[in-house]
Amino acid sequence: MCKDIACPMPFEKINKVLHLALNSLLPLLLFGLLLLHLFMLPVHWWDHDEIEHLHASWLISQGMRPYADFFEAHQPLFWYLFSLLPKQTAPDAMLLVARGFMFLCMLFTLLLSYDIAKLLGNDSQKALLPPALLASTWVFLRTSTEVRPDNPMLLFLALSVDFFLRYLSSHKLVHVFLCSLAFTLAFIFLHKAVTLFVPICLALLLHAKQNQSQKEHIFVHLLMFLTIFAILVAVMLLLFHLAGFLDEYLFFAFTFTRAIQSSTELSIHFSLAPIISKIFLDSPFIFVLGALGFFFALRKLMNPSTLLLFTWLLCAIALIALSKMPNKQFLLPVLFVLSLLSCFLLQRAFVAGLTKIVVVFALLTCAFQDLSFISNASQKAIMHRILELANPHEHIMVEPPFHPIIRFDATYLWFGTKDYLSAIEQMGLEGTKYGALMKKVYSSEPKVIYRIPLEVLDAFGLKEYFLERNKPDIVVQGLFVFD
């Protein structure tokens, strides 16, 4: 019995043992989940966007220019990176290599979430919560290893935030430079990165207000941040001009995209509610913990680092709300910020224990979701059959996610083809070079057509060709071959 020394209460003993167990369990489960997902990458279903982006890369490797020689409306840096792959790499091998690269991007993003959590004032054990919570979120784990520019964009946004938080304590010029460089690279990968622009500026202004002695230096550093961004974007536009597609880039990336977003007649617009509800049902834990952390952090709103997180979250949500075509990748920055806000729940011992228990359960749930995958075996079979039927110099009409990547297109045929053509007509651009590009037929006689509706073929003037000469493939249903 303890006489002179007060005995710890049973609750305190249990709480201490529980925290020790959870602190040991979290990294083990996180490592196990990441290892499992790495082994699942070759067999998971290929998303539409993965095929689209890698096909654009392959077209560039064949000497074609984005926007000017084939239709696209995203930023081209991502495609140029993967255009370095060997030209005749098999599609499944190409996808596996690209997914491996995305997996590395995700790992570095998780490491940055850990480092940012430490910069926010958490010790190494508490800082493990954001990467564990992020990885346990199925939509994040799945989307972050798909081949899409959102992933390097998020990586560079996280890197920019990391350098920004270091600047708040150091006031070093190098941290401003690296912060701006990382942010600009994120923007060059995808315009959606602009959601971090206002938060950084507001946080810097608040920091200047709270540090009167350093006010002038901070304003100079803010000007440097803006200057670096402006110079690098100007260099990007100059390179596009020299490559011969600046005019087309400005049209398709801005004018055309804005016309699609503002139109009320297109059927490709998504309803936000079912997308959010499905993602919430798939991964509710990060939304609940992040929202609770948001309210816990309100009392620290006048801290520049907290203000940065709050305004970044609000800007990212505003982008989703304003977009007529939001999808799961739009949520990546939102999920990243929510994981960081969850750290504020760890300031109270009892709440911290419950939070870690929830994350352990989330990690186990996500592992089960990862094992309940849709196989890409049918996609592989269809792709390889199309490659057998169409030689490298022949053209095909196949939509993602069954397009075999390494074949030329008889015409533009991606997601929302009919609506895109309608948008061109509504803009009165049918007779211009933009309209010609959308309806451009590289070969009037595609060798292979797979599951293309007659009304779409009619829009390209290929309906009669199809009805007169089609020959159903004996191996793949819905596949037609033309001699």
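Computed from a prediction, not measured in an experiment: that's the story for all the values here.
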| field | Distance-minimising heavy-atom pair for L133 and S342 | value | CD2-OG, 3.6 Å
| note | Correct closest heavy-atom pair for C366 and A135 would be SG-O, 3.6 Å
| field | Sequence neighbours excluded - salt bridge (Lys or Arg N to Asp or Glu O under 4.0 Å) pairs with any residue from residues 97-109 | value | E50-R99
| task | Specify the closest pair of heavy atoms between I386 and P404, including all atoms of both residues, with the distance to one decimal. | result | CG2-CG, 3.8 Å
| Would you say I286 and S339 make side-chain contact, with heavy atoms under 4.5 Å? | yes
| said: Quick check against the 3.5 Å criterion: does S160 have a side-chain atom that pairs as donor or acceptor with the backbone of L157? | reply: no
| task | List the steps and the verdict of side chain to side chain contact (heavy atoms under 4.5 Å, CB included) for M397 and F480. | result | CA-CA 10 Å; M397 289 186 73; F480 296 91; over 6 Å; no
| Taking only residues at least two apart or on different chains, which pairs with a member in residues 24-33 satisfy salt bridge (Lys or Arg N to Asp or Glu O under 4.0 Å)? | none
| said: Quick check against the 3.5 Å criterion: does S83 have a side-chain atom that pairs as donor or acceptor with the backbone of S57? | reply: no
| Hey, does the side chain of T143 reach the backbone of F140 with a donor-acceptor pair shorter than 3.5 angstrom? | no
| Test item: R65 side-chain N/O and G244 main-chain N/O as donor-acceptor pair under 3.5 Å | yes
| query | Run the side chain to side chain contact (heavy atoms under 4.5 Å, CB included) check on L364 and F368 step by step: do they pass? | reply | CA-CA 6 Å; L364 293 172; F368 175 77; over 6 Å; no
| query | Could you state the interatomic distance from OG (S372) to CE (M40), rounded to the nearest 0.5 Å? | reply | 10.5 Å
| field | Under 3.5 Å: donor-acceptor pair, side chain of R407, backbone of A390 | value | yes
| query | Can you say whether the rings of H395 and F408 are parallel (under 30°), tilted (30 to 60°) or perpendicular (over 60°)? | reply | tilted
| task | Check the angle between the aromatic planes of F78 and H53 and answer parallel, tilted or perpendicular using the 30° and 60° thresholds. | result | perpendicular
| field | Matching residue for D150 among K192, Q329, H74 - test: side chain to side chain donor-acceptor pair (under 3.5 Å) | value | K192
| said: Atom CD of residue position Q477 - does it have more than 12 heavy atoms of other residues, nucleotides or ligands inside 6.0 Å? | reply: no
| said: Ring-plane angle category for F402 and Y450, please: parallel below 30°, perpendicular beyond 60°, tilted otherwise. | reply: perpendicular
| field | From S180 atom OG to L185 atom CG, the distance as rounded to the nearest 0.5 Å | value | 9.5 Å
| query | Any donor and acceptor pair, going by atom type alone, linking the side chain of H384 with main-chain N or O of P91 inside 3.5 Å? | reply | no
| Taking the side chain from N391 and the backbone from H393, do they hold a donor-acceptor pair closer than 3.5 Å? | no
| query | Counting only heavy atoms not in L237, do more than 12 sit closer than 6.0 Å to its CG atom? | reply | yes
| Do I396 and H403 come within less than 4.5 Å of each other through their side chains, counting heavy atoms only? | yes
| Gap separating the CG atom of L129 from the CG atom of L30, nearest 0.5 angstrom | 11.0 Å
| said: Using side-chain heavy atoms (C-beta onward) and a distance below 4.5 Å, is F336 in contact with L340? | reply: yes
| Donor-acceptor contact below 3.5 Å, side chain Y80 vs main chain I60 | no
| request: Could you tell me whether the side chain of E146 reaches within less than 4.5 Å of the side chain of D49, counting heavy atoms only? | output: no
| task | Any chance you could lay out the side chain to side chain contact (heavy atoms under 4.5 Å, CB included) test for L155 and F189, step after step, and finish with the verdict? | result | CA-CA 11 Å; L155 171 62; F189 270 106; over 6 Å; no
| Less than 4.5 Å apart, any side-chain heavy atom of N376 and any of L95? | no
| If we ignore angles and hydrogens, is there a donor and acceptor under 3.5 Å between the side chains of Y249 and Q75? | yes
| task | Could you check if a side-chain atom of S113 sits within less than 4.5 angstrom of a side-chain atom of I116, using non-hydrogen atoms only? | result | no
| Are the charged groups of R166 and D115 less than 4.0 angstrom apart, N to O? | yes
| Where S378 and W45 come nearest, the two heavy atoms and their spacing | OG-CZ3, 3.6 Å
| task | Answer yes or no: does atom CZ of F101 have more than 12 heavy-atom neighbours from other residues, nucleotides or ligands under 6.0 Å? | result | no
| note | Here the gap from W79 atom CH2 to L84 atom CG, rounded to the nearest 0.5 Å, amounts to 15.0 Å
| task | Measure the spacing between CG of D370 and OG1 of T145 and express it to the nearest 0.5 Å. | result | 8.0 Å
| query | Which heavy atom in P333 sits nearest to a heavy atom in M153, and how many Å separate them? | reply | CG-CE, 4.2 Å
| request: Anything under 30° is parallel, anything over 60° is perpendicular, the rest tilted; go ahead and classify F361 against F285. | output: perpendicular
| Between the side chain of N151 and the main-chain N/O of M106, is any donor-acceptor distance below 3.5 Å? | no
| message | Looking at every heavy atom in both R469 and F482, which two are closest together, and how far apart are they? | response | O-CD2, 3.4 Å
| Sub-6.0 Å ring centroid separation between F183 and F164 | no
| task | Start with the C-alpha distance between V334 and L313, add both sets of side-chain angles, then the distance that settles side chain to side chain contact (heavy atoms under 4.5 Å, CB included), and finish with yes or no. | result | CA-CA 6 Å; V334 172; L313 178 64; 3.8 Å; yes
| said: Below 30° counts as parallel, above 60° as perpendicular, anything between as tilted: where do the rings of F71 and F256 land? | reply: perpendicular
| query | Would you find a donor on one side and an acceptor on the other, under 3.5 Å apart, between the side chain of E52 and the backbone of P400? | reply | no
| said: Are more than 12 heavy atoms, taken from residues, nucleotides or ligands other than F31, located less than 6.0 Å from that residue's CZ atom? | reply: no
| request: Enter the distance from I200:CD1 to T195:OG1 here, rounded to the nearest 0.5 Å. | output: 9.5 Å
| message | Students often mix this up, so state it plainly: with edges at 30° and 60°, are the rings of W138 and H37 parallel, tilted or perpendicular? | response | perpendicular
| Do D47 and K328 have side chains that get closer than 4.5 Å, going by heavy atoms? | yes
| query | Is there a side-chain contact between L141 and L34 (heavy atoms, below 4.5 Å)? | reply | yes
| query | Above 12 or not: heavy atoms from other molecules or residues under 6.0 Å from CD1 of I474? | reply | no
